[in-house]
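One is the number of the first residue; the rest follow in order along the sequence.
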Amino acid sequence: MLTNVENRIQESFPSYIDALKRLVRIPSISFDNFDQKFVQQSAEAVKKMFVEAGLKNVQFLLPPSGRATVYAESLTSPDKPTILLYAHHDVQPTMREALWNSAPFEPEIRGDRIYGRGTADDKAGIITHLAAFKQVREMLGDKGPNLKFIIEGEEESGSAGFAEILREHAELLKCDAVIVADLGNFAKGTPSITTTLRGMSAVNITLRSTKTPLHSGSWSGPIPDPAQALCRMIASLTDERGNIAIPHFEDGLVPPTAEELASYRSLGYSEKTFRSESGVLDKVSLTVPEGEILESLWRRPSIVVTAMESGNRSSAGNVLQDCAYARIGIRLAPGMNADRCSQMLVDYLKAQVTNGLEFTADIEDGANPFVTDTRHPFFKKMSEAMAQAYKNETKFIGCGASIPGAELFRKTFGDIPILLTGLEDPECAAHGENESLYLPDFKSGIVAETLFFISLA
C-alpha cells in the first residue's frame, strides 16, 4: 500500500506544486492596513480548486470582517468517521522586502525548497488536504472517511470572527476529529504531532506628555520624555533572565509532567542547534540553560515588545516627542488565560506611570493556550502513517506559537481528537523574510495524510 501511494503522489506531485504556486501568487495579507481584495481573491481561488476537484457544497462562511472562510465536503457514509480539515489561506505581511532573495509573491524553487510568502504557512496545508482527498477518492471511492474542509481567511490577523463561524455553522461542521495543518515538524524529515500550544495576546500602549512635539533645546528638561518613561515601564516587566515580574501573572500555569519533560529531552535539542536555527549572535547569552530551552519555548510564558515608536527614524531631528507607543505581545503557557493576563499587564503598566503622563491602552483579541490528549486511537493511526511516509519515528512535540482555532474547535465540538500537524520546519522562516517550504516534506506530508485516511476506511 505504501509503495502504491508514494508512486501515485510522486506522479501527481508537479501538479500539487503548481497549485501551491497559484495560491502563493495572491498577496492575501489579512491585516486591515492592506488591500483586502486579495484575501477575497485568495478565497475565490481556493473555492475554484475545490469545485474543480469535485468537492460538494462548496461555499463561503463569512465572519463580520468579510474575510471569507471556504467550506467544502466529501461525504461518503454516515457509518464512516468524519474528519474536519483545517488550514488558512491568508498570510502575514512580507516584512522587509529588500531582504527577500526573490519576490515574496512570485514563488521560486531553489534547491529542495520553494520560496514565497505563504508557502509553508499555510497554503501548503490547503494543498496537502486537497491532494490527500483526491488520492483517497481515486483509490477507495465511497469507502473512504467523510471529509469536510474549512479554510480560514483571517488566522494571521487573529481569527477574530472564527468563533462566530463555528457557532453559526456548528451542525454543518460537525465532526469526529479535526486535523489542523498549520504547525510543523521538529526538524526536516522528522514527522511531528504537536500536543501543546502557547496562547497569545497583545496590548497597545501609548504614553503622552504634550499636545504636540516640541523643540528639544527650548523645552526639554522640565518636561518628562515619554519615550524614556515608556522604556522604564517596559523594562520593569521582566528581569534580566526574562522572568515576568507581574505579581500572580503565572497563577494557574500547568507545568509539564515528568513524562513530557523526558520526551523533550529525548529530542536531543542542543544550544548549538538553537543558536544556529534562531540566528542568535555569538556573544548573546540565553536566558535559560540548554536543558530548559524547549520547556521555555513550549511551556512557559514570555513578554516581547513587537513594536516601539517615538518619532521616525528616517526623519529624526532634535525634537522632544509628544508621545511614545509600544505593542507588547504575550505568549501564554498552558493553564493561563489570555483576557486575564492582558488586563494584568495593562494594570501593572498603568501603576508604573510617573509624572502624571497620559496613559492609554488597547487590548487586542487573544487566544488561550491549548493542550490535547494523545490517547485517542486516531493519534496512533496518524503517528504510524507519518512514520511510514517520512520513514522516520514520529515525535510528539510542543509549540510556542498559537493557533486560535484549536481551542475554538474544542469549545465547539467537545473533547474530540484535534491533531496538530503541518509542514513548517526550523529553516522555513514563517512570518519572516524568505519564507520557504521543504519540498520532500511537502510530499511526505501528503503521503502521510493519505495513509491516515486509508487507515480509517
Side-chain angles (χ1 to χ4, degrees), residues 43 46-47 49-51 53-64 67-89 122 125-126 128-130 132-134 136-137 140-155 159-183 193-194 197 367-368 370-382 385 403-422 449-450 452-457:
V46 173
K47 182 179 180 181
M49 284 185 177
F50 285 174
V51 170
L55 287 161
K56 305 301 182 183
N57 198 15
V58 183
Q59 59 181 288
F60 290 152
L61 308 180
L62 295 177
R67 301 182 185 107
T69 287
V70 188
Y71 174 82
E73 63 187 25
S74 171
L75 304 182
T76 55
S77 167
D79 298 326
K80 301 289 185 183
T82 298
I83 312 300
L84 183 63
L85 307 175
Y86 172 90
H88 63 86
H89 65 88
D122 178 36
I126 303 170
T128 297
H129 289 326
L130 185 59
F133 152 72
K134 288 181 178 180
V136 171
R137 182 188 58 185
L140 301 181
D142 61 2
K143 295 180 181 179
N146 302 298
L147 300 176
K148 297 179 178 181
F149 293 72
I150 182 167
I151 311 301
E152 190 185 356
E154 57 180 6
E155 191 276 340
S159 296
F162 197 57
E164 184 170 328
I165 286 177
L166 294 182
R167 283 194 303 270
E168 185 175 343
H169 302 283
E171 188 61 32
L172 175 70
L173 299 169
K174 188 176 180 181
C175 58
D176 300 301
V178 183
I179 299 177
V180 177
D182 191 21
L183 277 297
I193 299 173
T194 299
L197 297 168
N368 285 325
F370 176 83
V371 179
T372 192
D373 185 346
T374 61
R375 291 175 293 183
H376 191 282
F378 283 3
F379 283 92
K380 186 173 187 294
K381 288 179 179 291
M382 178 62 85
I403 306 292
E407 183 64 21
L408 294 175
F409 285 130
R410 174 176 288 163
K411 289 181 178 179
T412 304
F413 303 120
D415 194 20
I416 63 172
I418 300 174
L419 296 97
L420 306 178
T421 65
E449 195 160 295
T450 302
F452 174 71
F453 293 157
I454 291 172
S455 76
L456 301 179

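Between Gly161 and Glu154, the shortest heavy-atom contact is N-OE2, 2.9 Å. Contact between Leu419 and Met382 at its shortest, heavy atoms only, is CD2-CB, 3.5 Å. Across all their heavy atoms, Pro145 and Phe453 have their closest contact at CD-O, 3.5 Å. Between Thr374 and Phe379, the shortest heavy-atom distance links the atoms O-CB, 3.4 Å. In terms of heavy atoms, Asn146 sits closest to Lys80 at ND2-O, 2.9 Å. Residues Ala406 and Leu420 approach most closely at CB-CD2, 4.3 Å, considering heavy atoms.
The shortest distance between side-chain heavy atoms of Leu130 and Leu55 falls below 4.5 Å. At a threshold of 4.5 Å between non-hydrogen side-chain atoms, the residues Glu73 and Leu172 count as touching. Using a 4.5 Å heavy-atom cutoff, the side chains of Val178 and Ile416 are in contact. Phe452 is listed as a side-chain neighbour of Ile179, based on a closest heavy-atom distance under 4.5 Å. Under the 4.5 Å side-chain criterion, counting only non-hydrogen atoms from C-beta, His88 is not in contact with Ile403. Taking the side chain as every heavy atom from C-beta outward, Val46 and Ile126 approach each other to under 4.5 Å. No side-chain heavy atom of Glu449 sits under 4.5 Å from any side-chain heavy atom of Val136. Ile418 has its side chain out of reach of Phe413: every pair of non-hydrogen atoms, C-beta onward, lies at least 4.5 Å apart.
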Residue pair Lys174, Thr82: steps toward the side-chain contact (heavy atoms from CB on, under 4.5 Å) verdict: CA-CA 8 Å; Lys174 188 176 180 181; Thr82 298; over 6 Å; no

Full working for side-chain contact (heavy atoms from CB on, under 4.5 Å) between Val180 and Thr421: CA-CA 6 Å; Val180 177; Thr421 65; over 6 Å; no

Derivation and outcome, side-chain contact (heavy atoms from CB on, under 4.5 Å), residues Tyr71 and Asn57: CA-CA 8 Å; Tyr71 174 82; Asn57 198 15; 3.7 Å; yes

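Here the side chain of Lys56 pairs no donor or acceptor atom with the backbone of Val51 at under 3.5 angstrom. Between the Asp122 side chain and the Ala87 main chain, no donor and acceptor come within less than 3.5 Å of each other. Counting only distance, with no hydrogens or angles, the side chain of Arg137 and the backbone of Ala53 share a donor-acceptor pair below 3.5 Å. Distance alone, capped at 3.5 Å, places no donor-acceptor pair between the His129 side chain and the Leu84 backbone. Looking at Asp176, its side chain never comes within 3.5 Å of a backbone N or O of Pro81 through a donor-acceptor pair. With Arg67 contributing its side chain and Leu62 its backbone, the two residues share no donor-acceptor pair below 3.5 Å. Panel note: side chain Lys148, backbone Leu85; no donor-acceptor pair is recorded below 3.5 Å.
One finds the CG atom of Leu147 at 11.0 Å from the SG atom of Cys175 (value rounded to the nearest 0.5 Å). Rounding to the nearest 0.5 Å places CD of Glu168 at 10.5 Å from CG of Leu173. To the nearest 0.5 Å, atom CG of residue Leu183 and atom CG of residue Leu197 are 5.5 Å apart. In this structure, the separation between NE2 on His169 and CG on Leu61 is 4.5 Å, given to the nearest 0.5 Å.
By the 30° and 60° cut-offs, the orientation of the rings of Phe50 relative to Phe149 is tilted. Ring planes of Phe378 and His376: perpendicular class, angle over 60° (limits at 30 and 60°).
For Phe409 and Tyr86, the distance between ring centers is under 6.0 angstrom.
No more than 12 heavy-atom neighbours from other residues, nucleotides or ligands sit within 6.0 angstrom of CG on Asp415.
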